[in-house]
Amino acid sequence: MSTVLDHATGVPTGTPPQDSARATPARARRSSAISRHTHPMWFLVPAFAILFVFFFLPTVFNFVYAFTDWSGFKSQINPVGWDNFTDLAGSGTLYASLRITIGYAVLVAVFQNLFGFALAVLLERDTRLNHLVRVLFLIPVLMSALAVGYIFQALLKPEGALNGLLSALTGADVHTAWLGSTSWTIVVVAAIHAWKWMGLSMLIYLAGFKTIPVDLVEAAHIDGASPWRAFWCIRFPLLAPAVTFNVATALLGSMNGFDIVQATTAGGPARTTEILNIFIYRTFGQGLFAQATTMSLMLFLLVALLAFPVIRFLRKREEIL
Amino acid sequence: MRMPRRALAALALVALVATGCSDPASETTTGGPATWAEPTAKLDGVTLTIWAAQNSNTVPKQVIEAFQAATGAKVDVVTIPDPYEQSVQTKVATGDKPDLAFWQPTASMLTALNAKANLQTLDGAPWLDKLTPALRDITGLLDGARYAALVTSPAVEGVYYNKEVFAANGITATPKNFGEMLTAARQLKAKGVTPFFEMGKDRWATQWWVQVQLADAAKAGLWDKINKKQETFSSPVVLDAIKQYQALINEGLFNADIKTATFDDQGAALLSGKAAMAVQVNSFFGQLQAKADTATLDAKIGFFPISPTGNVGTFIPDQSNALVAFKTGDAKREAAARQLLAYWMGPGYAGFIADRKTVSLQTAVQSPAGVPKALLDVHSSLSSSVGSMQALAVANPDLYINLADMIAGTMTPEQVATTTQEQFAQLAKAAGVPGF
């Protein structure tokens with residue numbers, strides 16, 4: 001059914017960049033003429049200067065120092081070839097951290113999208129109350145991640161507010177160490193990370209819903225589709241670009257996670273939440289700067305290697321539309 | 001991801017330039033032997049910065065006030081957040097240095113600060129002759145040069161016990177060796193008392209249990225052999241100590257909540273008599289002092305050093321025991337930093353230890369009244385004690401984290417040993433220790 005509709009409307013979905021990409025050549029020529037006149041290229045210089053100094057240069061140094069013996073113990077920095085890489089490959093700690101990092105990223109991606117999607121569905125109608133609630137759910141996105149981490153750490157302590165609330169509700173003395181289990185803490189921390197960012201996912205899903213033309217859904221209703229079927233067969237597939245963005249940013253963003261984990265568990269208990277960035281931080285703190293750099297290079301490569309197939313796969317999903 | 005060829009060329013150029021860079025922390029000032037100004041010489045207009053940790057930032061309060069009044073200098077104490085050592089090393093690596101900092105004065109931790117490049121040598125300091133001879137060269141030295149000033153009595157790993165619990169359960173004399181201590185522990189357990197208390201969640205004290213079991217081996221040169229790769233953490237002597245620790249935990253000689261217990265819980269348990277003993281260091285007693293007054297502590301808490309064959313303590317000077325002075329490149333401030341240390345350990349010393357109620361390190365200065373009995377016992381065990389891993393090994397691996405993982409059940413003793421050895425080798429290699 002959805003394919004019929006798609007043919008009928010000529011693929012009306014997509015994020016604005018896609019629309020402009022499909023714009024007629026004449027329009028494209030006109031807009032580029034405008035940009036040439038009103039926005040000289042050198043306007044980009046300040047932004048690129050900042051990008052260069054704070055992102056590009058460190059990334060380059062990341063490649064360079066990974067091949068040296070830079071440490072806090074001596075002043076000279078000598079090249080050592082692939083030594084750091086072979087040492088790392090031989091150590092089990094790196095693999096353990098990598099495993100935890102990927103597990104964490106997948107959990108965050110799942111939670112953040114579930115929460116964000118549910119919120120977007122619940123708050124889709126443009127009522128005054130919904131406007132207010134949307135703002136409330138967006139506040140955690142604007143909060144400092146460390147603050148979020150410390151707040152949850154305090155709430156989830158054995159003598160924290162959550163257990164206090166549960167004790168009051170159940171009448172029994174609840175003393176659960178929510179961040180104390182060696183198998184479940186990673187799930188709890190991922191949920192906290194997802195909680196912080198779910199407002200952003202919600203916003204993007206909301207925007208996605210807004211781009212779906214009303215007549216499409218109306219047509220489905222006229223064709224006799226139930227609201228449930230209309231939602232899952234028409235509107236949900238048309239959200240694909242929003243899913244692409246949300247899954248990719250949540251997955252790849254949480255691979256670079258540090259602050260929330262550091263504030264809640266600092267990698268504990270028993271290193272079961274020691275994601276790669278915490279391991280890197282610990283290694284750097286010991287003065288093993290080159291090793292820490294090598295690890296962060298590995299993380300960079302891992303994120304890059306994962307980004308391509310993930311985004312490609314999600315883009316493929318969009319093409320079916 | 002399409003990258004123009006010109007951008008690639010630029011990238012390659014940057015990479016080439018970058019390889020010519022050196023460590024920003026490496027700029028150093030070299031000079032002749034340090035001169036030592038009169039401790040109370042005028043220093044108007046000079047501002048000194050001292051870095052301290054959350055548990056040491058109040059230590060210098062009194063002595064700094066006195067120094068400021070005497071010299072006219074201004075001294076700022078800046079608290080560096082925990083983990084202190086990690087934060088300081090990171091700052092120093094980027095070229096950010098104070099004039100003075102509290103620092104663990106062991107060789108491995110001085111290496112970690114790249115002492116030769118970053119720290120002033122304190123050779124020939126005026127206070128050295130006044131120190132108790134046994135303590136003069138106990139620590140603060142690296143490759144024959146002195147980099148740290150010991151201001152308080154270095155910590156000793158040993159057993160803090162609740163005297164009332166011992167007496168109530170018929171233990172009249174403190175154990176004379178590790179075996180006797182275990183006999184006493186089993187006796188206590190039979191009577192329903194928790195013999196030992198360990199803090200699995202806060203982790204850092206877990207290593208004391210292994211280190212006190214190594215005291216005799218340390219006396220026989222264990223750490224020298226480990227430094228030369230003749231022994232490793234997987235050698236039977238170390239591995240057996242780790243296994244023994246796990247066996248004692250499995251036997252039920254420790255608190256039931258060992259996995260989640262904290263440093264704070266440990267102090268509360270020993271003070272209340274919920275547990276009979278804890279293997280700990282001086283900062284543990286500092287925590288007890290925050291919970292009870294000296295009279296109560298004298299009545300309740302005792303200390304005895306322990307080793308497999310006797311009562312040998314294992315000393316581990318910590319960050320609150322000593323200060324290092326940095327080479328900042330400003331000769332005036334460097335001299336003022338040395339002068340502050342000379343004042344602290346000279347005319348200001350009596351006032352300092354009286355304020356801190358701590359044991360005197362100098363023969364001519366009496367320890368003030370009101371130093372708890374347990375601390376005096378700790379101090380008197382120093383002269384016969386042996387060095388800890390931190391004091392004698394060339395690198396300081398995270399043994400405690402691995403042991404805490406073993407307690408949590410995610411590592412075996414063998415894994416603890418190999419992981420610790422791996423990290424030790426990595427650190428030793430980075431520090432340029434021959435053979436690694």
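Quick note on labels: first sequence line is chain A, next is B, and so on, each numbered from 1. Hydrogens, waters and symmetry mates play no part in the numbers below; they use all other heavy atoms, side chains included.
- Residue A:Asp83 touches chain B through its side chain alone, counting heavy-atom pairs closer than 4.5 Å.
- Looking at B:Met411, only its side chain comes within 4.5 Å of chain A, counting heavy atoms on both sides.
- Sparse packing is recorded around CZ of A:Phe55, with 12 or fewer heavy atoms of other residues, nucleotides or ligands lying under 6.0 Å away.
- B:Gln423 and A:Gln286 share a donor-acceptor pair across their side chains, judged by distance under 3.5 Å alone.
- In this structure, chain B has heavy atoms under 4.5 Å from both the backbone and the side chain of A:Tyr281.
- The parts of B:Gln89 that come within reach of chain A are both its backbone and its side chain, each placing non-hydrogen atoms under 4.5 angstrom from that chain.
- Checked by atom type and distance alone, the side chain of A:Gln291 never pairs as donor or acceptor with a backbone atom of B:Gln426 at under 3.5 Å.
- When the candidates B:Asn396, B:Val88, B:Asn402, B:Leu113 are compared by the number of heavy-atom contacts under 4.5 Å with chain A, B:Asn402 comes out ahead.
- Distance check, rounded to the nearest 0.5 Å: OG1 of B:Thr260 to CG of A:Leu179 gives 12.5 Å.
- Counting heavy atoms from C-beta on, the side chains of B:Thr111 and A:Phe73 come closer than 4.5 Å.
- Both the backbone and the side chain of B:Ile401 come within contact range of chain A, with heavy atoms under 4.5 Å apart.
- Surrounding CH2 of A:Trp178 are at most 12 heavy atoms belonging to other residues, nucleotides or ligands under 6.0 Å away.
- Minimum heavy-atom separation, B:Ala430 to A:Leu288: CB-CD2, 3.4 Å.
- Checked for salt-bridge contact, A:Asp69 and B:Lys429 miss the test: no charged N lies under 4.0 Å from a carboxylate O.
- Inter-residue side-chain proximity for A:Thr182 and B:Lys259 is flagged as unmet; no heavy-atom pair is nearer than 4.5 Å.
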Derivation and outcome, side-chain contact (heavy atoms from CB on, under 4.5 Å), residues A:Arg271 and B:Thr410
CA-CA 9 Å; A:Arg271 275 187 268 187; B:Thr410 58; over 6 Å; no
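- How far CG of B:Asn114 is from OG of A:Ser71: 7.5 Å, rounded to the nearest 0.5 Å.
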